[in-house]
Number of protein chains: 2
Amino acid sequence: MAGEQGLGRQQTEKALSGLRDLVLKGEIAAGERLSEVLLAGRLKVSRTPLRAALQKLELEGLVDLIPSGGYQVRRFSQEDVIDAIELRGVLEGTAARLAAERGVAPAKLKAIHDVVRKLDEAFEPAPPDMDFERYAALNGRFHALLAELSGSNLLVRELERARRLPFASPNAFVGAEGHARAFQQTLIVGQAQHKAILSAIELREGSRAEALAREHARLARQNLDFVLQERPELKDKVAALALMAG
Amino acid sequence: MAGEQGLGRQQTEKALSGLRDLVLKGEIAAGERLSEVLLAGRLKVSRTPLRAALQKLELEGLVDLIPSGGYQVRRFSQEDVIDAIELRGVLEGTAARLAAERGVAPAKLKAIHDVVRKLDEAFEPAPPDMDFERYAALNGRFHALLAELSGSNLLVRELERARRLPFASPNAFVGAEGHARAFQQTLIVGQAQHKAILSAIELREGSRAEALAREHARLARQNLDFVLQERPELKDKVAALALMAG
DNA sequence: GCCTCGGAGCCTGTATACAGCTTTTGTGTG
DNA sequence: CACACAAAAGCTGTATACAGGCTCCGAGGC
């Protein structure tokens with residue numbers, strides 16, 4: 001039954017999203033070897049698209065190639081998580097600096113200002129009733145638009161890649177806000193930083209824009225440290241940390 | 001004749017290096033669609049490892065996926081080249097900063113100092129007789145070791161990726177030195193910067209180390225501008241620029 | 001003359017068969 | 001009881017067959 005569906009890269013997409021889910025939800029332990037036949041059966045695809053998905057996941061950094069053959073789920077140390085956050089900060093800082101240095105088209109500025117305004121509105125309901133999902137969507141959009149402000153296709157690509165690691169996502173800790181008041185405060189600080197970054201870009205203050213964007217990513221680092229040092233029981237509540245060892 | 005060779009990923013490796021050569025040497029024009037059957041025949045592999053190689057090349061950024069199916073050679077604009085150099089500078093700057101901030105094991109420092117000394121020795125023959133190939137190898141090693149000094153596996157990976165784009169390589173313009181005295185001077189300046197970067201790292205001056213490493217990458221930018229503005233006829237002599245449009 | 005529609009060829013995405021390497025298990029020996 | 005070795009099972013990497021789109025061309029209509 002070759003080409004049963006036949007259209008596009010449908011099976012590969014199915015294998016990719018399915019496999020990504022399995023890894024991200026921790027249903028496959030870190031370091032575990034990934035059997036192609038087993039996974040193919042589980043995901044209801046043949047080995048060919050499954051192997052394609054494995055290769056893509058390798059590029060995303062979720063799985064590692066085993067020298068003797070095959071793949072295994074990548075192990076992330078605490079240092080890896082810290083570095084991934086740092087890296088996102090560096091890249092977003094570069095995006096902000098380039099935007100400031102090179103200038104930004106008014107239309108793009110308007111679009112990102114709109115997002116910031118909507119983020120403000122998302123704060124209006126009292127904290128317990130806040131729609132975190134909506135906030136996360138808008139926050140993600142802010143960061144995507146920030147990358148675009150740089151005017152660099154290359155940087156947009158790199159940032160898309162960097163954000164794929166779940167704990168490096170700007171929303172890594174947003175889901176857990178319901179669990180700790182400290183997290184909610186970081187949202188407020190974060191939104192203030194959003195505005196400061198935009199202001200720096202508009203004033204063409206490249207160095208300030210870069211520093212602010214870097215600091216903004218450090219909020220995630222702060223949340224990470226908070227979880228690890230003061231509330232280790234929250235670790236399981238933050239899905240993004242499922243992959244982290246220790 | 002399934003599994004004719006059978007060992008490891010030999011065919012994939014063959015397809016990957018062969019295909020990369022074809023693209024890098026400009027034997028396939030930018031924007032051209034890549035026919036799998038044609039290429040498979042040309043490289044003497046079957047379509048399966050060829051497709052694997054195509055996917056890897058997509059991750060390297062040399063080919064683009066066509067939405068309707070298949071791949072094409074990626075087009076690089078002048079801006080892309082500039083941004084790739086900038087990105088390498090940012091990442092190497094981060095590596096240098098982290099090395100300074102976090103400290104470096106003496107053994108690693110010794111290793112990179114050795115490379116710097118050998119680079120000095122490579123300058124001893126009079127410029128026309130200089131062994132550029134040896135210089136490029138040592139220079140590449142310096143940059144690889146610099147990444148390792150950061151102590152961040154993630155950053156090492158990212159820098160390996162970033163350097164894959166030929167024009168973003170630290171050696172992008174080294175091959176062309178024979179063609180212009182101006183290039184030779186950049187080698188001298190570059191070596192001085194190597195030493196300054198190491199000094200900053202040893203003194204734990206993170207900010208200085210970062211700025212220096214960024215500036216070091218800008219040598220490539222300088223060479224690029226020199227070629228484009230003053231000696232356009234050299235463009236064909238720099239293999240790394242073969243992929244650039246215009 | 002330009003646009004729309006249809007068909008033929010080509011091409012990609014997918015499934016599957018096969019062979020050699022890796023790993024593991026079980027047995028025999030020191 | 002530990003270790004070495006051998007056989008077998010499982011697995012991956014590779015080749016290839018197949019089917020459904022996609023592309024391009026030409027014919028027909030407005």
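Labels below follow one simple rule: chain letters A, B, ... track the order of the sequence lines, proteins then strands, and each chain is numbered from 1.
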Revision key, fill the gap. B/Arg47 atom CZ is separated from D/dG13 atom C1', nearest whole Å, by 16 Å
Practice item. Take the protein atom CZ of B/Arg51 and the nucleotide atom P of C/dC11, then report the distance between them rounded to whole Å. Key: 14 Å
Check your understanding: A/Leu43 has an atom CG; how far is it from atom C1' of C/dT14, in whole Å?
Key -> 15 Å
Exercise for review: Find the distance A/Arg33:CZ to C/dT23:C1' and express it as a whole number of Å.
Suggested key: 8 Å
Check your understanding: In whole Å, what is the span from the CZ atom of A/Arg9 to the P atom of C/dA15?
Key -> 15 Å
Review point. Side chains of A/Ile85 and A/Phe167: closer than 4.5 Å at any heavy-atom pair?
Key: no
Exercise for review: Give a yes/no on whether any side-chain N or O of A/Thr48 is located under 4.0 angstrom from OP1 or OP2 of C/dT14.
Suggested key: no
Point to revise | Minimum side-chain heavy-atom gap A/Arg97-B/Glu86 below 4.5 Å | key: yes
Review point. Can a side chain N or O of A/Ser68 be found less than 4.0 Å away from OP1 or OP2 on C/dT23?
Key: yes
Revision key, fill the gap. Among C/dC11, D/dT12, D/dT14, the one nearest any side-chain atom of B/Val37 is C/dC11
Review point. Does B/Ser35 have a side-chain nitrogen or oxygen under 4.0 Å from the phosphate oxygens OP1 or OP2 of C/dC10?
Key: no
Exercise for review: Anything under 30° is parallel, anything over 60° is perpendicular, the rest tilted; go ahead and classify B/His143 against B/His216.
Suggested key: parallel
Check your understanding: Looking at A/His113 versus A/His194, is the centre-to-centre ring distance below 6.0 Å?
Key -> no
Practice item. Let me know the distance between CG of A/Leu34 and P of D/dG10, rounded to the nearest Å. Key: 19 Å
Review point. A/Glu36 CD to D/dG13 P: how many Å, rounded?
Key: 6 Å
Study note, to complete from the structure: Rounded to whole Å, CD of A/Gln11 lies from P of D/dC18 at a distance of 19 Å
Exercise for review: May I ask you to verify if any side-chain N or O of A/Gln10 is less than 4.0 angstrom from the OP1 or OP2 atom of C/dG13?
Suggested key: no
